[in-house]
Protein chains: 2
Amino acid sequence: MPDTAENQAKEQPRRRQARGERRIAQLLEAAASVFCTTGYTAASTNAIAREAGVSPGTLYQFFPNKEAIAIELGDRLMHQMRDAYGEALAPVDPATPLEEAVGSAVDRFIAFNCEHPVFFALMHGPDVPGRIAEEHDALHTTLLARVEALLSSLLPDTSPADLARTSRMCLGLYKAGLELTLGHEGAEREAYVQELKNVLVRYLEPLVGERPGREEASSPRTP
Amino acid sequence: MPDTAENQAKEQPRRRQARGERRIAQLLEAAASVFCTTGYTAASTNAIAREAGVSPGTLYQFFPNKEAIAIELGDRLMHQMRDAYGEALAPVDPATPLEEAVGSAVDRFIAFNCEHPVFFALMHGPDVPGRIAEEHDALHTTLLARVEALLSSLLPDTSPADLARTSRMCLGLYKAGLELTLGHEGAEREAYVQELKNVLVRYLEPLVGERPGREEASSPRTP
DNA sequence: CCAGAATGCGAGCGACCTCTCGCTTTTGTC
DNA sequence: GACAAAAGCGAGAGGTCGCTCGCATTCTGG
């Protein structure tokens with residue numbers, strides 16, 4: 001199969017110059033900024049082009065439509081996340097204290113979301129259409145599976161239904177804590193992160209309390 | 001001041017016939033349905049009129065603009081909520097067990113939101129413009145103040161900053177639990193309500209543990 | 001019963017948004 | 001330097017949506 005014109009739907013639609021790659025990065029950055037402040041639907045392609053300092057026509061030189069911008073942005077973020085924190089929830093040494101497991105997982109994901117606030121904006125808005133919602137669902141399912149795996153190793157004797165419910169609950173609590181965390185800066189942000197950890201640990205502690213080799217540790221506030 | 005034409009901006013803009021009141025209720029019901037399925041911004045006034053079985057012109061006979069529909073809907077819901085559950089968070093007998101206080105407050109608000117899913121759609125979407133966001137903020141502030149008052153009576157010796165943070169956290173957790181609850185039906189819904197109560201109680205328990213006349217009660221799962 | 005107000009209609013106006021198209025300018029290659 | 005491909009432009013086509021306006025119909029008070 002020769003690399004003719006009709007092969008353009010796969011991988012490399014056409015040859016890009018270095019300038020083009022730079023423009024793409026620039027446009028994605030601009031899109032991230034606009035999506036963050038206005039959300040996906042309210043963000044106009046003209047506004048994204050203006051933010052990037054190019055004409056609307058130039059934007060459509062590199063993206064077939066508005067949705068593709070969000071898709072590409074989401075894909076790149078997903079890759080970055082997998083590269084940086086792919087193992088965040090994977091290793092589940094049953095001997096790890098609950099505080100430590102929860103704390104490190106929360107820290108990793110909070111850090112990523114603080115560095116890339118678009119991620120939350122894209123994955124949280126109820127206004128995203130088709131394809132992006134699919135990405136959202138895929139991510140949610142992946143995360144849910146990870147959490148479920150982690151919890152099932154911590155809570156071996158729990159029914160699948162309870163496990164699924166508890167996992168969803170943990171994800172929901174994390175999302176709520178993330179929203180509060182992103183809404184604050186500096187020391188206050190740190191405090192919210194700590195509160196989120198407290199919530200999760202205290203929620204899960206009674207469920208794993210029967211595990212061998214664990215002592216009771218209850219610190220009412222952060223020491 | 002006579003009740004002339006220029007007095008129409010207050011209270012009763014003009015005289016309504018019974019048919020008009022019926023149409024208004026009908027339009028609001030249709031709007032609630034459309035808002036629920038598509039969100040506020042994506043909901044078109046033509047779609048609302050179609051859902052109500054009237055022409056677009058008729059809709060604008062009763063509402064000056066799209067925003068006013070949401071405002072009126074929000075106002076009516078707020079009134080219903082105040083009438084039905086206004087006292088839900090108010091009475092704070094310090095002798096009340098934490099489980100009971102949290103449980104009844106959660107039950108009341110969950111019940112209201114289950115009966116009126118529009119409420120969540122209107123108050124949750126990040127796409128709502130100006131005035132509705134104000135209503136949202138007002139409600140949030142009110143609820144926050146109530147929670148803060150309730151917690152301050154349970155936790156007398158806590159700094160105002162910690163109190164505010166804990167209150168916000170509780171509200172955020174409630175919102176997360178509400179979303180999960182609304183996403184399920186029947187027995188599963190009940191289970192999520194119970195999990196939400198567990199989360200809140202376990203989160204707050206260590207903070208009120210020093211209160212006199214309380215015994216430790218830790219039930220790993222719902223009995 | 002009738003005058004005037006309230007209700008009801010639906011084509012269509014203006015604003016905005018996504019995306020296109022013909023064109024010029026820049027870049028890489030021989 | 002010549003030439004093709006890529007990058008860049010911006011007016012505007014085509015479409016949707018909020019909302020209006022002129023006119024027809026139904027109600028209500030005197």
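So you know, we letter chains A, B, ... as the sequences are listed, proteins then strands, and number each from 1.
- Contact annotation: B:Arg22 does not reach the phosphate of C:dT7 (side-chain N/O to OP1 or OP2, under 4.0 Å).
- Of the residues near DNA chain C, B:Pro56 and B:Ala18, the one whose nearest nucleotide (by heavy atom distance) lies more toward the 5' end is B:Ala18.
- C:dG8 atom C1' lies 12 Å from atom CG of B:Leu27, rounded to whole Å.
- For CD of A:Glu29, the number of neighbouring non-hydrogen atoms (other residues, nucleotides, ligands) closer than 6.0 Å is 12 at most.
- For B:Gln61, taking side-chain heavy atoms from C-beta onward, the closest of the listed nucleotides D:dA6, C:dT7, D:dG8 is C:dT7.
- Straight-line distance from the CD atom of B:Glu67 to the C1' atom of D:dC19: 14 Å, rounded to whole Å.
- Per the geometry, OH belonging to B:Tyr40 stands 8 Å off P belonging to D:dG18, to the nearest Å.
- Listed by first and then second residue, the side chain to side chain donor-acceptor pair (under 3.5 Å) pairs that reach into residues 64-79 of chain B are B:Glu72-B:Arg76, sequence neighbours excluded.
- As a whole-Å value, the separation of A:Leu59 CG from C:dT18 P is 10 Å.
- Ring geometry, A:Phe112 versus A:His116: the interplanar angle falls from 30° to 60°, so the pair is classed tilted.
- If you check every strand for non-hydrogen atoms under 4.0 Å, A:Ala43 touches sugar and phosphate atoms only.
- Proximity of a side-chain donor or acceptor of B:Thr38 to a complementary backbone N or O of B:Phe35 within less than 3.5 Å is not detected.
- Contact between the side-chain N/O atoms of A:Arg16 and the OP1/OP2 oxygens of D:dA5 is not found at any separation under 4.0 Å.
- The phosphate of D:dC9 has OP1 or OP2 within less than 4.0 Å of a side-chain N or O from A:Thr58.
- Residue A:Gly20 is classed as a sugar-phosphate contact, given heavy-atom separations below 4.0 Å to backbone atoms only.
- Between the C1' atom of D:dC17 and the CD1 atom of B:Ile69 lies a distance of 13 Å, rounded to the nearest Å.
- Taking atom CD of residue A:Gln17 and atom C1' of nucleotide C:dT27, one finds them 5 Å apart after rounding to whole Å.
- In this structure, B:Tyr60 reaches the D:dC19 phosphate: one of its side-chain N or O atoms is under 4.0 Å from OP1 or OP2.
- Rounding to whole angstrom units, NZ of residue A:Lys66 and P of D:dG15 are separated by 19 Å.
- In this structure, the side chains of B:Arg202 and A:Leu204 stay at 4.5 Å or more apart for every pair of heavy atoms.
- Here A:Arg19 does not reach the OP1 or OP2 of C:dT26: none of its side-chain N or O atoms lies under 4.0 Å away.
- Here D:dC17 presents its P atom at 20 Å from CZ of B:Phe63, a figure rounded to the nearest Å.
- Contact annotation: A:Ser55 side-chain N/O to D:dG8 OP1/OP2 distance is not under 4.0 Å.
- The residue A:Asn46 sits close to a base: some heavy atom pair falls under 4.0 Å.
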